[in-house]
Structure formats: structure tokens, C-alpha cells
**Student:** 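Just dropping this structure here.
All values below were derived from every heavy atom in this structure, side-chain atoms included, with hydrogens, water molecules and symmetry-related copies excluded.
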Amino acid sequence: MTIRTLCARIKGQPDVTEGTAYAILFTISFAHLLNDMIQSVIPAIYPMIKDKFGFSFAQIGVITLVFQLTSSILQPFVGRYADRHPRPYALSLGMCFTLAGLLLLSFAYNFMLILLAVSIIGWGSSVFHPEASRVAQLASGGKKSLAQSIFQVGGNGGSAIGPLLAALIIIPFGQPAISCFAMAAVLASLILARVGRWYGMKLATVTRQRHAVSAVAGGLSKGRVRTSLLILVVLIFSKYFYISCMTSYFTFFLMDKFGMSVQHSQVCLFAFLAALAVGTLFGGVLGDRFGRKYVIWGSILGAAPFALVLPYVGLFWTITVAVIAGLVIASAFSAILVYATDLMPGKVGMISGVFFGLMFGLGGIGSAFFGWLADRTSIDFIFRVSAWLPLLGIIAGFLPDMKEKKTNFIN
């Protein structure tokens with residue numbers, strides 16, 4: 001046995017055989033959970049830093065803006081670069097940015113340092129999402145919707161548990177306790193280094209095999225492709241504007257309408273967020289089985305009846321309908337993302353960056369918009385207005401039917 005072979009045995013030899021690499025998919029999903037858990041800590045600490053530093057709501061808004069800009073606008077550019085020049089270990093490096101931002105945030109003593117810290121955390125997210133989506137497609141073995149859903153459900157789970165952990169760790173012990181989340185960033189970086197090794201070997205394998213790029217959009221004109229992408233953007237808008245209203249103001253709605261306590265309303269919000277995670281996973285399974293167009297259509301439009309009835313029912317049915325709406329509407333994102341990459345084969349990183357960027361950006365804009373509207377009207381009013389957004393799902397019927405060809409080559 002040679003030294004090189006012994007080292008390979010110690011490190012472990014990644015499996016790059018054909019088929020769906022579930023070990024890689026669940027690993028990248030867990031890394032997504034850690035990444036988005038860290039990201040969700042930032043808004044969770046707003047009340048603490050507002051009281052500590054005497055920030056105005058305008059300054060809190062600027063912190064959100066800087067974080068959303070760095071974590072969303074940069075993603076398409078990172079994805080475009082990754083499509084042309086894949087860097088397997090960029091995932092681990094991106095998490096190092098997140099680690100540095102967390103440590104800076106835990107000791108930042110003024111407004112400018114906090115802005116710098118959240119921007120660095122945002123850069124880490126910008127590197128992570130496009131490259132991780134490429135890994136998910138490489139590991140899919142043709143089950144692209146399922147692979148994207150497994151990846152995405154980790155992010156949903158992280159977004160759900162992040163605020164809970166922040167309440168348990170940061171709020172009681174103060175700003176320095178943010179550094180505790182650095183351990184999650186270190187763990188994620190180590191995990192992603194392992195994924196990067198598999199990623200590099202897989203890229204070398206598919207390059208040698210010279211698989212042809214899937215030509216799913218070959219029968220569509222450039223104009224039809226652009227129109228289809230525009231429809232998908234509108235659907236992302238309707239989905240994430242509605243979700244932003246729910247995630248940001250559902251607790252206030254429950255407290256205002258039913259007199260529910262803060263603790264109980266947070267539990268109800270967690271139930272909605274958990275439903276988003278479960279719905280994301282089911283959406284991937286259904287997308288591969290019945291076709292992504294129909295899952296997109298049924299998911300967003302199918303949530304409309306539940307969204308429309310939610311503001312008018314009692315407490316039990318409000319919570320029940322909210323959970324069902326979350327299950328239904330969450331199933332769309334993986335199908336939308338994979339459908340978009342099928343429209344533009346060979347640009348998985350760029351398309352993933354665009355749509356993840358839209359997801360973050362529209363979520364932030366939607367939260368700010370509904371907050372502004374609630375100040376001028378009422379919490380009940382914004383739920384009545386946002387309930388109409390899922391009806392935009394009807395335009396998914398104008399998406400072309402496409403026959404996907406199985407391929408492992410995404411470059």
C-alpha cells in the first residue's frame with residue numbers, strides 16, 4: 001500500500017459513481033441549514049442592538065438593506081463566474097467569510113462596524129448558494145427537483161430554528177454570545193471542504209465523459225425563453241411577498257386579532273415555517289414525478305384559497321389554514337429553480353444566483369412594504385391584501401411544456 005493510497009483511505013474516498021448521490025445531497029442540505037441558521041440570527045438580534053446602541057428604525061433598516069444587498073445582488077455574478085470557472089473549495093472559503101463576519105459582529109461597538117460585519121456575512125451567503133446549487137444538480141442523478149428540494153429544505157430548517165436559538169443564547173447573554181454561532185460556521189466550513197473534494201472529482205469525471213448538455217430548451221425561441229423566465233420572476237414575486245408577510249407579521253396578526261401571547265404566537269409561526277420546510281421536500285418529489293410546470297402551477301395557485309380565507313376564520317382554523325398554505329406554496333421554489341435552469345442549460349450557477357437573490361431581495365422588500373402599509377392601515381388589512389398574491393400563480397399556465405433529458409454535465 002502506497003503512502004498516497006493510505007492517505008486516501010484516511011481521508012475517505014468520495015463516491016462519484018452514476019446515480020443520485022444522497023450522501024452529498026443531505027450533507028449539502030445540512031450545510032445549508034447551518035448557513036441559513038446563521039443568516040437568520042441577524043434580524044433576530046435587532047431588538048437587542050437597537051436598545052444597546054440606541055439605533056433608530058432607519059438605522060435598523062439600513063443594516064437590513066446592506067445585508068440583503070450583499071447576500072442577494074452579488075449572487076448572480078458569483079454564479080456566472082462559477083459556471084465558467086468552477087472552484088470546488090469556494091464553498092468552504094465562503095463559509096470562512098461568514099465566520100469572520102460573525103466574530104466581527106459579536107464585538108462590533110458602533111454602527112459602521114455592524115454594517116461591515118453583516119456585509120461580510122452576506123458575502124459568504126452569496127458564495128454559498130450558487131455553488132451549492134451546482135453541487136445539488138451534479139449529485140441529482142437526473143432527479144433534479146428532488147435534489148434541489150433536499151438542498152432547500154435544509155435552508156428552510158435553518159431559517160426556522162435560527163431565531164429560536166438566538167432567543168435562547170444571544171438574548172440572555174448579550175452581543176458577545178453571537179460568537180457561539182461561529183462554531184456552526186467552522187463545522188459548515190469543514191463539511192463543505194469534504195463536499196468540495198467530491199465536487200472536484202465529479203467535475204473531472206463528467207469532463208472526461210464529455211456528456212452533452214441537456215437541450216431541453218432547444219425547441220424554444222430566445223423570446224419564448226425570456227418570456228418564460230419573466231413569468232418565473234413574477235411567480236417568485238407572488239410567492240415571497242406573501243411569505244414575507246406571513247413570516248414578519250403573522251405573530252402580530254395573532255396577537256392583535258386573538259390576544260395571543262408572544263410565546264404562543266412564536267410557536268404558531270414556527271409551525272408555519274416548519275410547514276414551509278416539509279412542503280419544499282414534497283415539491284421536489286412531485287416535480288420529478290408529474291412535471292415541474294404543474295407543480296409550480298398547483299403550488300402557488302393552489303395556496304390562494306387558503307390565503308384568501310385565513311383573515312376571516314377563528315383561531316384554530318387560522319393556524320390550520322396557515323400551515324396548509326405553507327405546505328402548498330413552499331413546494332414551488334425547487335420546481336421554479338430547476339425549470340429555469342432547464343430553460344438555460346449550462347448556466348446553473350448564474351440562474352441559481354439570480355433566483356436565490358430574488359428570493360432574499362423580494363423577501364426583504366416585501367417585509368419593508370407590508371410594514372410600511374401596516375403603519376398606515378392595520379395588521380389585519382395587510383393580511384387581506386397579501387392574500388390575493390397567490391392568485392398570480394394562474395400565469396404558470398403560460399409556461400411551455402418541456403421534456404427534460406437526463407444529464408449529469410452542468411458546465
**Student:** Assign the ring pair His32 / Phe128 to parallel, tilted or perpendicular, where the plane angle (0 to 90°) is split at 30° and 60°.
**Tutor:** tilted
**Student:** Strictly distance-based, threshold 3.5 Å: is any side-chain N or O of Thr318 a donor or acceptor partner for the main-chain N or O of Val313?
**Tutor:** yes
**Student:** Report the distance from atom CD1 of Ile121 to atom CE of Met95, rounding to the nearest 0.5 Å.
**Tutor:** 11.0 Å
**Student:** What is the distance from atom CG of Leu34 to atom CG of Leu192, rounded to the nearest 0.5 Å?
**Tutor:** 8.5 Å
**Student:** With a cut-off of 3.5 Å and sequence neighbours excluded, list every side-chain donor-acceptor pair involving residues 164-183.
**Tutor:**
from	atom 1	to	atom 2	distance (Å)
Gln175	OE1	Lys52	NZ	2.7
Gln175	NE2	Leu105	O	2.7
Gln175	NE2	Ala108	O	2.8
Ser179	OG	Pro176	O	2.7

**Student:** For residues Leu276 and Gly326, report the shortest heavy-atom separation together with the two atoms involved.
**Tutor:** CD2-O, 3.5 Å
**Student:** Nearest 0.5 Å, please: how far is CG in Leu392 from OH in Tyr242?
**Tutor:** 13.5 Å
**Student:** Going by side-chain contact (heavy atoms from CB on, under 4.5 Å), Glu131 matches just one of Leu91, Leu93, Ile28. Which one?
**Tutor:** Leu91
**Student:** Find the distance between CD1 (Ile24) and CZ (Phe151) and round it off to the nearest 0.5 Å.
**Tutor:** 13.5 Å
**Student:** Would you check if Thr98 and Ser125 make a side-chain contact, meaning some heavy-atom pair closer than 4.5 Å?
**Tutor:** no
**Student:** Please check if the distance between the ring centroids of Phe237 and Phe241 is under 6.0 Å.
**Tutor:** yes
**Student:** Can you give me the closest heavy-atom contact between Met260 and Cys268, atom names plus distance?
**Tutor:** SD-SG, 3.9 Å
**Student:** Does Thr70 offer a backbone N or O that forms a donor-acceptor pair with the side chain of Ser126 under 3.5 Å?
**Tutor:** yes
**Student:** Tell me which donor-acceptor pairs under 3.5 Å the side chains of residues 297-307 have, and how far apart each pair is, sequence neighbours excluded?
**Tutor:**
from	atom 1	to	atom 2	distance (Å)
Ser299	OG	Val328	O	2.6
Ser299	OG	Ile329	O	3.2
Ser299	OG	Ser331	OG	3.0
Ser299	OG	Ala332	N	3.2

**Student:** If I take atom CD1 from residue Ile319 and atom CG from residue Leu254, how far apart are they, to the nearest 0.5 angstrom?
**Tutor:** 6.0 Å
**Student:** Quick check: does any side chain N or O of Ser119 sit under 3.5 Å from a backbone N or O of Val66, one acting as donor and the other as acceptor?
**Tutor:** no
**Student:** Take Trp317 and Thr320, measure what side chain to side chain contact (heavy atoms under 4.5 Å, CB included) needs, and give me the verdict at the end.
**Tutor:** CA-CA 5 Å; Trp317 284 110; Thr320 302; 4.0 Å; yes
**Student:** What heavy-atom pair brings Lys239 and Ala330 nearest, and what distance separates the two atoms?
**Tutor:** NZ-CA, 3.3 Å
**Student:** With side chains defined as the heavy atoms from C-beta onward, is the minimum distance between Leu232 and Ile296 less than 4.5 Å?
**Tutor:** yes
**Student:** Answer yes or no: are there more than 12 heavy-atom neighbours, outside Arg226 itself, under 6.0 Å from its atom CZ?
**Tutor:** no
**Student:** Any chance you could measure Cys96, atom SG, to Tyr89, atom OH, to the nearest 0.5 Å?
**Tutor:** 13.5 Å
**Student:** Could you tell me whether the side chain of Val295 reaches within less than 4.5 Å of the side chain of Tyr339, counting heavy atoms only?
**Tutor:** no
**Student:** Could you work out, with ring-ring contact (aromatic ring centres under 6.0 Å, His included) as the rule, every residue matching Phe107, not counting sequence neighbours?
**Tutor:** none
**Student:** Do the non-hydrogen side-chain atoms of Trp198 and Val135 ever get within less than 4.5 Å of each other?
**Tutor:** yes
**Student:** Checking the side chain of Ser189 only, and the main-chain atoms of Ala185 only, is there a donor and an acceptor separated by less than 3.5 Å?
**Tutor:** no
**Student:** Side chain of Ser29, backbone of Leu25: donor and acceptor closer than 3.5 Å?
**Tutor:** no
**Student:** Heavy-atom count check: over 12 atoms from other residues, nucleotides or ligands less than 6.0 Å from Phe398 CZ?
**Tutor:** no
**Student:** Compare every heavy atom of Leu327 with every heavy atom of Ala275, then report the nearest pair and how far apart it is.
**Tutor:** O-CD2, 3.5 Å
